[in-house]
Amino acid sequence: MARPLNVGLNLVYLLEQSGGAGTYARELMRGILEVEPDTRLTGFVSAEAPESLLAADWARSVEWVKFPFNVSHGPPGNFALVMGAQWGAVPLIAARRRIDVVHGLANITPLVAPRVATVVTLLDLIWLRFTKTMERRATVGMKLVALPSARRADRVIAISHSARRDLIERIDLPPERVDVTHLGIRLDETVEPLPEAELRARFELGDRPVVLCVAQKREHKNLKGLVRAFAALEEPATLVFPGAPTPYEEEMKALAAELGVAERVRFPGWIERDELEGLYSAAACFVLPSFEEGFGLPILEAMRRGVPVACSNTSSLPEVAGDDALLFDPEKPEEIADAVGRLLRDRDLAARLAERGVERCHRFTWESTARETLAVYRRAIASARS
């Protein structure tokens, strides 16, 4: 048995609404403590660390270091303060605590960390290809911090084989230094859904079948492409986009109005867990039309709940969905409309895909993610020592 590790996790980025990156952090920590309970975890967080994270049962086993600054906003020079903590304070504290390895779970890890190995997860390079996905300032910031972090880390983690190829080809990372640890899903966790009648009344869904898309409203998600496809759909349905509003959402609303489908498209905003669970329960199908994804966790979230899936045939999505979803070219709204229409019309097909999707989820577990990540830590430690 390998000796227990002392691991530091750079979680400064974590906010209440951190999406998939937040799920990754929570589930990786929990998974590590489940598969190797003697692991010592130190979590570095900001003043905006979610209370729901710190209050979790397993979080009592984590030693928290909370920095006294915000990351979502702050006074002039706040960016320098945030980066100073991650590139300066974290490695100093890690050395003092005799931490074996520091892992940045969202693109940033110390450039210099004496006596401490470093690992960084580079979630994707979408921000390099789709420049409107983030504000220009954020994109420039990513170039300044994520690329140097990846080039200086002892090991780099990609969350899919597709993402790994992208890192090697686009930013010239040495292949022998890049590992893959897929994300996962928990099959045993349930939340009581909001009753469907109450849900439909609350979000004005009517009695039509629900087409659900859970995705951040950003350029690379191609949600306007889904709106265009929905306008061409012959079957009656209501299209629902839960999630925090963004400027891109306003473009989606304008397009829906232009195409005459605004009354059948809903934008309920950031919703509670029982409401989201209710939407999954009510959904006739789930659609993810992204141009690019580092992994595509929403596909597994839908499959776990027995919702048939249609998704893009690009980047990591076929790797996650396999043959257990309908795939389409995201550049062609007519293909999206055809896939959605098939799932709405052919309920036998939808039922078969739903059943196969649940089975597929068994291939992607957070236990596997944790074990593979711990193996990466040990490789990083060996590399740093040599």
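- The pair Asp324-Arg363 fails the salt-bridge criterion, with no side-chain N (NZ, NE, NH1 or NH2) lying under 4.0 Å from an Asp/Glu carboxylate O.
- Phe203 is listed as a side-chain neighbour of Ile271, based on a closest heavy-atom distance under 4.5 Å.
- Side-chain contact, Glu27 with Thr369: no donor N or O sits under 3.5 Å from an acceptor N or O.
- Shown here are the ring-ring contact (aromatic ring centres under 6.0 Å, His included) partners of Phe230, two or more places apart in sequence or in another chain: there are none.
- Using the six-membered ring where Trp is involved, Tyr24 and Trp366 have ring planes that are parallel, under 30° apart on the 30 and 60° scheme.
- The pair Glu34-Arg186 counts as a salt bridge, with a side-chain nitrogen and a carboxylate oxygen less than 4.0 angstrom apart.
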Please assess Glu372 against His182 for the test side-chain hydrogen bond (donor to acceptor under 3.5 Å, both in side chains), listing each intermediate value before the final yes or no.
CA-CA 9 Å; Glu372 292 164 1; His182 286 119; 5.5 Å; no
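- The side chain to side chain donor-acceptor pair (under 3.5 Å) search around Arg164 returns none, not counting sequence neighbours.
- Listed by chain and residue number, Arg371 satisfy the side chain to side chain donor-acceptor pair (under 3.5 Å) test with Glu367 (two or more places apart in sequence, or in another chain).
- Looking at heavy atoms from C-beta onward, Tyr377 lies out of side-chain contact with Asp100 at the 4.5 angstrom threshold.
- Around the CD atom of Glu272, the shell of radius 6.0 Å holds no more than 12 heavy atoms that belong to other residues, nucleotides or ligands.
- Classification of the Phe295-Phe364 ring pair by plane angle, with boundaries at 30° and 60°, yields perpendicular.
- Ionic pairing of Glu277 and Arg305 is present here: one or more N-O contacts between side-chain nitrogen and carboxylate oxygen are shorter than 4.0 angstrom.
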